[in-house]
There are 2 protein chains.
Amino acid sequence: MNKKQLIAKLSGSLNLSKADAERTFDTITNTILDALKGDDSVKIAGFGTYKVAKRKARVGRNPRTGEQIQIGASQKVKFLPAKALKEVFNK
Amino acid sequence: MNKKQLIAKLSGSLNLSKADAERTFDTITNTILDALKGDDSVKIAGFGTYKVAKRKARVGRNPRTGEQIQIGASQKVKFLPAKALKEVFNK
DNA sequence: ATTGGATATGCAGTATTTGCATATAGAAAC
DNA sequence: GTTTCTATATGCAAATACTGCATATCCAAT
């Protein structure tokens, strides 16, 4: 399912035009992103937690040539599924 | 930031009551979850992809006693941040 | 409808993460 | 205020993420 299809579904469930459904959805993702940018984590009960994970610099390898390369520190967004979410898929 | 605070923000940005903002938010998460339950992945451009990852059975360990235990296969929801999302945090 | 951009895949080898049981502390939900 | 949920901490084996890069596919926007 891609974003367009998701928006179409939401448009139906929420009784909104597709444009409004998309605006609403974007507002939500942007709000979450803003919090993450502020180095805050976002906990959503029953769904999961978004947090920014810091990754240290390390030595990697180009699998094509085998040569070693230096990989700088970076950050990425991690999503940790809530307990309820795991149970849905493992019962 | 927890769910309550998120809902409060959305209530403002979306010009909805808190109850409506929460209903809207829950509708979205439920829609995503339903897709995932159907073993579909959910791609959201500019944000990321939710997918169900199958994890193989393996040998674990009870950290309290140290004894080995067999862990069955399971499934969990994975979130893969989109490229745009990584760039936000690494520029 | 076309096109540019983003994503999935495969590869090799190492670094990192995961997840087990369980109690407690702290936070959040109702 | 009470109850439910989540983070943390522990040791350690195995799964997985990550790197460059080419290709194929797929999506989004023009």
Side-chain angles (χ1 to χ4, degrees), chain A residues 1-9 18-19 21-23 25-26 29 35 40-90, chain B residues 1-9 11 18-19 21-23 25-26 29 35 39-90:
Chain A
M1 182 162 78
N2 60 35
K3 185 177 178 182
K4 190 172 273 182
Q5 296 168 313
L6 177 62
I7 295 299
K9 276 209 179 190
K18 283 186 185 177
E22 182 159 14
R23 241 187 307 276
F25 185 78
D26 287 344
T29 56
D40 196 2
S41 62
V42 180
K43 288 184 200 179
I44 297 160
F47 189 64
T49 302
Y50 296 91
K51 58 170 60 176
V52 178
K54 301 179 196 316
R55 308 182 59 79
K56 290 178 186 168
R58 64 201 166 76
V59 176
R61 186 175 293 266
N62 181 338
R64 181 166 297 270
T65 63
E67 81 181 301
Q68 292 201 342
I69 50 178
Q70 184 60 33
I71 301 169
S74 65
Q75 295 188 315
K76 73 170 286 193
V77 176
K78 265 185 66 172
F79 174 73
L80 297 96
K83 188 185 173 190
L85 201 43
K86 293 181 192 169
E87 283 166 0
V88 166
F89 294 97
N90 293 308
Chain B
M1 184 163 74
N2 59 36
K3 186 177 176 183
K4 189 173 275 183
Q5 296 169 313
L6 177 62
I7 296 299
K9 275 210 181 190
S11 166
K18 285 188 183 175
E22 182 159 14
R23 240 189 309 276
F25 185 78
D26 288 344
T29 56
D39 219 26
D40 196 2
S41 62
V42 180
K43 289 182 200 179
I44 297 158
F47 189 64
T49 303
Y50 296 92
K51 60 169 57 177
V52 178
K54 300 177 198 317
R55 308 184 63 81
K56 290 179 187 168
R58 64 199 167 75
V59 176
R61 185 172 293 265
N62 181 338
R64 181 166 298 270
T65 64
E67 81 181 302
Q68 291 202 342
I69 49 178
Q70 183 62 30
I71 301 169
S74 65
Q75 296 188 314
K76 72 170 285 192
V77 176
K78 262 185 64 173
F79 174 74
L80 297 97
K83 189 184 175 190
L85 201 42
K86 293 180 194 171
E87 283 165 0
V88 167
F89 295 97
N90 294 306

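From a predicted model like this one, the values you see are computed outputs, not experimental measurements. Protein chains get the first letters and strands the later ones, always in sequence-line order, with residue 1 at the start of each. Side chains included, hydrogens not; waters and symmetry mates left out as well; all remaining heavy atoms used.
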*Between atom CD in Q75(B) and atom P in dT18(C), what is the gap in whole Å?*
17 Å

*Determine the contact category for R58(A): base if any of its heavy atoms lies under 4.0 Å from a base atom, sugar-phosphate if only primed atoms, P, OP1 or OP2 are that close, otherwise nothing.*
sugar-phosphate

*Identify which nucleotide among dT7(C), dT6(D), dA21(C) has an atom closest to any side-chain atom of K83(B), counting heavy atoms from C-beta outward.*
dT7(C)

_Out of dC18(D), dA8(C), dC21(D), whichever nucleotide has its closest atom nearest the side chain of R64(A)_ = dC21(D)

*Closest to the K56(A) side chain: dT16(C), dA21(C), dA29(C)?*
dT16(C)

*Taking for each residue the nucleotide of DNA chain C bearing the nearest heavy atom, is the 5' side occupied by G46(B) or by G60(B)?*
G46(B)

*Would you confirm whether E22(B), through its side chain, and A19(B), through its main-chain N or O, come within 3.5 Å as a donor-acceptor pair?*
no

*Nearest whole angstrom, please: distance from the P of dT16(D) to the NZ of K78(B).*
8 Å

*How long is the line joining NZ of K86(B) and P of dA17(D), in whole Å?*
12 Å

_If you only use heavy atoms from C-beta on, which nucleotide in dA29(C), dT19(D), dT17(C) is closest to the side chain of R55(A)?_
dT17(C)

*asked:* In this structure, how many angstroms lie between the C1' atom of dC12(D) and the CD atom of E67(B), rounded?
replied: 14 Å

*5'-most contact on DNA chain C: N62(A) or V59(B), nearest heavy atom basis?*
N62(A)

*Round to a whole Å and report the spacing from CZ of F47(A) to C1' of dT6(D).*
16 Å

*Are F47(B) and F79(B) close enough that their ring centers fall under 6.0 Å?*
yes

*Check against side chain to side chain contact (heavy atoms under 4.5 Å, CB included), V77(A) and K51(A)*: CA-CA 6 Å; V77(A) 176; K51(A) 58 170 60 176; over 6 Å; no

_Listed nucleotide nearest any side-chain atom of K76(A), set dC20(C), dA17(D), dA28(C)_ = dA17(D)

_Is the ring pair Y50(B)/Y50(A) parallel, tilted or perpendicular, if the boundaries are 30 and 60 degrees?_
perpendicular

*Separation of atom NZ in K43(B) from atom P in dA29(D), rounded to whole Å*: 15 Å

_Given DNA chain D, 5'-ward residue of the pair K4(A) and R61(B), judged by closest heavy atom_ = R61(B)

*asked:* Over all strands shown, is A84(B) touching base, sugar-phosphate only, or nothing at heavy-atom distances under 4.0 angstrom?
replied: nothing

*Steps toward side chain to side chain contact (heavy atoms under 4.5 Å, CB included) verdict (K3(A), D26(A))*: CA-CA 11 Å; K3(A) 185 177 178 182; D26(A) 287 344; 2.9 Å; yes

*Side-chain donor or acceptor of R55(B) paired with backbone N/O of Q75(B) under 3.5 Å*: no

_Distance check needed: dA6(C) P versus K3(A) NZ, whole Å only._
14 Å

*Tell me: CG of L80(A) to P of dT6(D), nearest whole Å?*
11 Å

*asked:* Judged by each residue's nearest nucleotide on DNA chain D, which is more toward the 5′ side, P63(A) or Q68(B)?
replied: Q68(B)

_Selection from dC20(C), dC18(D), dT19(D) that lies nearest to any side-chain heavy atom of I69(A)_ = dT19(D)

*Looking at every strand, decide which applies to T65(B) at a 4.0 Å heavy-atom threshold: base, sugar-phosphate, or nothing.*
nothing

*Which part of the nucleic acid, if any, lies within reach of A53(B) when heavy atoms closer than 4.0 Å are counted: base, sugar-phosphate only, or nothing?*
nothing

